[in-house]
2 protein chains.
Amino acid sequence: MSKYKTIDMQGYADIFKALSNPHRLKIFMKLACCGSEGIACKSDKACECVGDLGSNMGIAPSTISHHLKELHRSGLICTRRNGQRIECWVDPEILESICSFFTCKAKE
Amino acid sequence: MSKYKTIDMQGYADIFKALSNPHRLKIFMKLACCGSEGIACKSDKACECVGDLGSNMGIAPSTISHHLKELHRSGLICTRRNGQRIECWVDPEILESICSFFTCKAKE
DNA sequence: TTTATAATTCAATAAATGTCGAAATATAAA
DNA sequence: TTTATATTTCGACATTTATTGAATTATAAA
């Protein structure tokens, strides 16, 4: 059995679609890359609320919300309510799956 | 200096967009995954012409052509004319770059 | 040269996407 | 309870995308 989440062709297409928009990619990298520790570390810095993620991006809150929903639908990020805020973080497991896709555990 | 091609944020967005369409992803995997050797092997099997790629996909030749152009524009595949045919193969270097992105050499 | 094959370009069209502001919902603070 | 803050949902709109068939270009074969 694989130690990775099983993701089918359509699942990968959805993931790549989620990352295909520059704004979403930026949000994803903000969450995934915390300092020098590399992608998908689980420190608090990797977990940000919707408003913080949207700051300095020059797009409306409703648009940020839309993009986060897309990232969540594809399985890339997890969310949790904490008071008024919704916290977001990258699912580390799915990153391993994507990595395995490109190092070719993935087959047709 | 990195041993990978330098790809900026927009470049990655373009790559993910190219892979976000199920038909294009299928074409890409046909090219990238040859047998049990894993992704991006350089054997002849990894190099197919436009017509062969389109067979069994149920879409028009003009659509295949369009998708291959997208894959090429993003830098994922290389092409070369051989007589009447255009041969396509995955650029192995760019795959290393993508892999490094997800193992987080990539930074904001 | 004429005919056949492979692939691309073009024009048209339907569907999907990104964006916003206004309205609604959820929670916290006064 | 009233007010403020954070986020989402909705409706509208402009842009982009996927797709096709017809016409065109490039090469090979007869």
Side-chain angles (χ1 to χ4, degrees), chain A residues 9-31 44-90, chain B residues 9-31 44-90:
Chain A
M9 192 86 129
Q10 185 59 57
Y12 278 110
D14 291 342
I15 286 169
F16 296 135
K17 179 149 73 179
L19 296 177
S20 72
N21 177 276
H23 286 149
R24 281 198 296 269
L25 185 56
K26 197 167 180 181
I27 290 170
F28 173 78
M29 291 185 74
K30 244 183 174 178
L31 288 174
D44 292 342
K45 277 185 185 172
C47 183
E48 296 190 41
C49 71
V50 177
D52 293 346
L53 286 168
S55 64
N56 308 320
M57 290 204 50
I59 51 182
S62 57
T63 306
I64 297 288
S65 186
H66 164 70
H67 284 321
L68 285 168
K69 194 160 66 177
E70 291 299 304
L71 287 167
H72 182 256
R73 283 200 325 131
S74 74
L76 283 166
I77 68 169
C78 310
T79 59
R80 169 183 54 197
R81 179 173 282 278
N82 183 6
Q84 282 170 289
R85 318 218 166 185
I86 307 288
E87 296 170 339
C88 310
W89 67 98
V90 169
Chain B
M9 193 86 129
Q10 184 59 56
Y12 277 110
D14 291 342
I15 286 168
F16 297 136
K17 179 150 72 179
L19 295 175
S20 73
N21 177 276
H23 287 150
R24 280 198 296 267
L25 185 57
K26 197 167 181 181
I27 291 170
F28 172 79
M29 291 186 72
K30 245 184 174 178
L31 288 175
D44 291 341
K45 277 185 183 170
C47 183
E48 297 189 42
C49 71
V50 176
D52 293 346
L53 286 169
S55 65
N56 308 320
M57 289 204 51
I59 52 181
S62 56
T63 307
I64 298 287
S65 188
H66 162 71
H67 284 322
L68 286 169
K69 194 159 67 175
E70 291 298 305
L71 287 167
H72 182 257
R73 282 200 325 130
S74 73
L76 284 166
I77 67 170
C78 310
T79 60
R80 168 184 54 197
R81 181 174 280 276
N82 182 6
Q84 281 170 292
R85 318 217 165 187
I86 306 288
E87 296 172 339
C88 310
W89 68 97
V90 169

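Note on naming: letters A, B, ... go to the chains in the order of the sequence lines (proteins, then strands), and numbering restarts at 1 for each one. Bear in mind that the values here come from a model prediction, so they are computed numbers and not experimental data.
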Sugar-phosphate, base or nothing in reach of L68(B), heavy atoms under 4.0 Å: nothing
Touch class at under 4.0 angstrom, heavy-atom based, for H23(A) against every strand present: sugar-phosphate
Side chain proximity check, R73(A) to D14(A), heavy atoms < 4.5 angstrom: no
Check: K26(B) main-chain N/O paired with R24(B) side-chain donor or acceptor under 3.5 Å: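 Answer holds: no.
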Taking [atom1] from [X] and [atom2] from [N], how many angstroms apart are they, rounded to a whole number?
| X | N | atom1 | atom2 | answer |
| --- | --- | --- | --- | --- |
| R85(B) | dA6(C) | CZ | P | 5 Å |
| R24(B) | dT19(D) | CZ | C1' | 12 Å |
| K17(A) | dT17(D) | NZ | C1' | 10 Å |
| H67(B) | dA18(D) | NE2 | C1' | 6 Å |
| I64(B) | dA6(C) | CD1 | P | 14 Å |
| D52(A) | dT7(D) | CG | C1' | 13 Å |
| E70(B) | dT19(D) | CD | P | 11 Å |
| I86(B) | dT8(C) | CD1 | P | 5 Å |

Closest approach of H72(B) to C78(B) (non-hydrogen atoms, all atoms of both residues): CD2-CA, 4.3 Å
Considering all heavy atoms, the nearest H67(A)-I27(A) contact: CB-CD1, 4.2 Å
Distance-only donor-acceptor test, S62(A) side-chain atoms vs dG21(C) base atoms, 3.5 Å: yes
